[in-house]
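It should be emphasised that the depicted structure is a prediction, and the values quoted were computed from it without experimental measurement. We number each residue from 1, following the sequence as shown.
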Amino acid sequence: MNKLFFITLIISVFTCQNNFAQSEKAEACINSLIQQHKAVGISVAVVKKNKIIYTHSFGLKDIAGNTPLTDDCIFRIASISKSFSATAVMQLAEAKKLSLEEDVSTLINFKVRNPKYPETVITLGMLLSHRSSINDSQGYFSLDSLNPDKNPNWAKCYNNYEPGKGYMYCNLNFNLTGAIIEKVSGERFDLYIKHHILDPLQVYGGYCVDSLDKSRFATIYDYNADSGKFIPSPAAYAAHSAEIAHYTMGYSTPIFSPTGGMKISAGGLAQIMLLHSNLGKTKGRRIISKKSALQMQTPLSEEEGYGFAIMTTDKMIDGLILKGHTGSAYGLYSAMFFEPKKKFGIVVISNGCYPGSTGPFNTVLKTAVNCLYDGFIADNN
């Protein structure tokens, strides 16, 4: 008994020392990054062997108050939000309430057709994979931009290629998807995501500003290159209370920005990442089927590497193929990437940083992801 106790004690001490060394290495790397690239704050989470092993926040939540960023701060995470909409669609497809091959015009109740290819049906799957031929040139914060009865210039919302035959990243695709989720489910978009994804996983967050604790919002800052200063972006957390009071189900949905409006912490997003890494199941709850999860993660073309709101890339960490998504809006930058076979993943969110890029990714995001990979994963994976 005593021998076993001492062996266990030695293992525990070694593990603690190793964990401390890992976190010390990663934190030194990120602190250096903040100084070098003028980041306001960075919040991170690391998943290893399908468990969250590390969360930490660096820098400031608010510059004016010199308030430190903490792990319970929540951020508007921008385009990573698209994965929530896609997950909801997969749930509804599994329940046979809609089909990915269904005509968007039928689902939304106004004509959605590229006028250059009027006979080609634009499907829900095309929206989720950015292959619809729709673009954001007329704006994406209202469905009026696409609605022929509302916008005389609606035809400009369509590209020259046939739907399903080309790719263009488009935010309107996902705001349209959010409206379809409402029409099919009968639940307001923000409430559907809360009831069917967040609450089952006990994750705090959401799309409706008025339903969240605003004291937890990390101020988002846009970097002004001319002045070299960070400027607050209050529009990131606009409540739109008046518009919500006069809400039309299945049409007003862009108010919540299904394409980019999720507010969540780095740790909370790591729980969502585990859902995708584990192919639809985490915390003992199955949110979508394994088949649906694999479909979301399977690229429709090698060139873009994009599935249904999940991209595949070898450009984030050298020598590795990862799945996930990034986000950028109002000065915020976010990244969520995982390796499902090796069962690790990394979340990085910055509430303001220098907007330079290294390859296809923001330099601060990419460097922070590599700091965390080198510190916690590389030598032990």
Side-chain angles (χ1 to χ4, degrees), residues 12 15 19 43-56 71-75 77 80-98 100 128 181 184-185 187 189-208 211-213 216 258 262-298 307-310 312 322-325 334-349 372 376-377 380-381:
S12 297
T15 301
N19 289 344
S43 193
V44 306
V46 178
V47 165
K48 186 176 181 180
K49 296 180 180 177
N50 283 340
K51 293 182 180 179
I52 298 175
I53 63 163
Y54 177 79
T55 60
H56 197 72
D71 289 356
D72 67 346
C73 288
I74 58 178
F75 309 77
I77 58 170
I80 300 176
S81 305
K82 291 176 173 65
S83 62
F84 290 83
S85 298
T87 301
V89 167
M90 303 313 278
Q91 290 178 329
L92 294 168
E94 288 174 20
K96 301 190 184 307
K97 293 184 177 181
L98 52 70
L100 293 169
L128 297 182
I181 290 167
V184 171
S185 71
E187 290 185 74
F189 173 78
D190 62 308
L191 296 176
Y192 182 93
I193 300 299
K194 174 177 169 57
H195 295 154
H196 298 275
I197 300 175
L198 296 173
D199 285 353
L201 298 180
Q202 299 177 309
V203 172
Y204 183 82
Y207 284 85
C208 181
S211 71
L212 299 169
D213 180 358
R216 293 178 63 175
M262 171 58 71
K263 272 71 70 175
I264 197 169
S265 68
L269 187 55
Q271 294 287 358
I272 301 301
M273 180 173 66
L274 275 166
L275 157 68
H276 295 293
S277 180
N278 289 328
L279 299 179
K281 181 179 180 180
T282 189
K283 285 188 170 180
R285 299 293 300 268
R286 180 158 291 285
I287 304 301
I288 54 175
S289 69
K290 181 178 179 180
K291 180 180 178 181
S292 292
L294 286 170
Q295 192 169 8
M296 284 182 66
Q297 295 176 30
T298 301
F308 293 158
I310 299 286
T312 300
L322 303 180
K323 296 183 181 292
H325 213 288
S334 57
M336 174 193 79
F337 284 97
F338 57 93
E339 215 289 10
K341 292 181 180 178
K342 295 183 178 180
K343 302 188 184 304
F344 76 82
I346 294 168
V347 170
V348 176
I349 308 173
L372 295 164
F376 291 97
I377 307 297
N380 304 282
N381 194 46

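- At least one donor-acceptor pair closer than 3.5 Å links the side chain of Gln91 to the backbone N or O of Ile287.
- Within a 6.0 Å sphere centred on CZ of Arg285, heavy atoms belonging to other residues, nucleotides or ligands number 12 at most.
- Counting all heavy atoms, side chain and backbone alike, Asn50 lies closest to Ser277 at OD1-OG, 4.0 Å.
- The two residues Asp190 and Cys208 come nearest to each other via the heavy atoms OD2-CB, 3.3 Å.
- Side-chain contact between Phe338 and Leu274 is absent, with no heavy atoms from C-beta onward closer than 4.5 Å.
- With sequence neighbours left out, Asp71 forms a side chain to side chain donor-acceptor pair (under 3.5 Å) with Thr55, Ser57.
- In this structure His325 satisfies the side chain to side chain donor-acceptor pair (under 3.5 Å) test together with Tyr306, sequence neighbours excluded.
- Among all heavy-atom pairs drawn from Ala86 and Met296, the shortest one is CB-CE, 3.7 Å.
- A distance-only check finds no donor-acceptor pair linking the side chain of Thr282 to the backbone of Leu275 [under 3.5 Å].
- With rounding to the nearest 0.5 angstrom, the CG atom of Leu128 is 7.5 Å from the CE atom of Met90.
- Residues Ile349 and Ile264 share a closest heavy-atom pair of CD1-O, 4.5 Å.
- Remark: Asp72 pairs with no residue by the salt bridge (charged side-chain N to carboxylate O under 4.0 Å, His left out) rule, at least two apart or across chains.
- Note that CD1 of Ile77 and OG of Ser43 are 12.0 Å apart. Values are rounded to the nearest 0.5 Å.
- Heavy-atom minimum distance, Leu212 versus Gly206: CD1-O, 3.8 Å.
- Partners of Glu339 according to the side-chain contact (heavy atoms from CB on, under 4.5 Å) rule, which considers only residues two or more places apart in sequence or in another chain, are Leu322, Lys341, Lys342, Phe344.
- Side-chain atoms of Gln297 and Leu279, non-hydrogen and from C-beta on, do get closer than 4.5 Å to each other.
- The distance from the CG atom of Leu191 to the CG atom of Leu198 is 11.0 Å, given to the nearest 0.5 Å.
- Between the CG atom in Leu269 and the NZ atom in Lys263 there is a gap of 14.0 Å [rounded to 0.5 Å].
- Interatomic distance, Lys323 NZ to His276 NE2, rounded to the nearest 0.5 Å: 12.5 Å.
- The neighbour count for Lys97 NZ, taken as heavy atoms of other residues, nucleotides or ligands under 6.0 Å away, does not exceed 12.
- Side-chain contact between Phe84 and Ile272: present, with at least one pair of heavy atoms (C-beta onward) separated by less than 4.5 Å.
- Residues meeting the side-chain contact (heavy atoms from CB on, under 4.5 Å) test with Ser185, sequence neighbours left out: Leu92, Ile181, Glu187, Tyr192.
- Nearest heavy-atom pair across Ile310 and Ser83 is CD1-CB, 4.4 Å.
- Classification of the Phe189-Tyr207 ring pair by plane angle, with boundaries at 30° and 60°, yields perpendicular.
- Looking at Phe308 and Val89, their side chains never come closer than 4.5 Å, going by heavy atoms from C-beta outward.
- Atom CD1 of Ile346 sits about 11.0 Å away from atom NZ of Lys48, to the nearest 0.5 Å.
- By the side-chain contact (heavy atoms from CB on, under 4.5 Å) test, Ser289 pairs with Glu94, Lys291, Ser292, sequence neighbours left out.
- Using a 4.5 Å heavy-atom cutoff, the side chains of Gln271 and Leu201 are not in contact.
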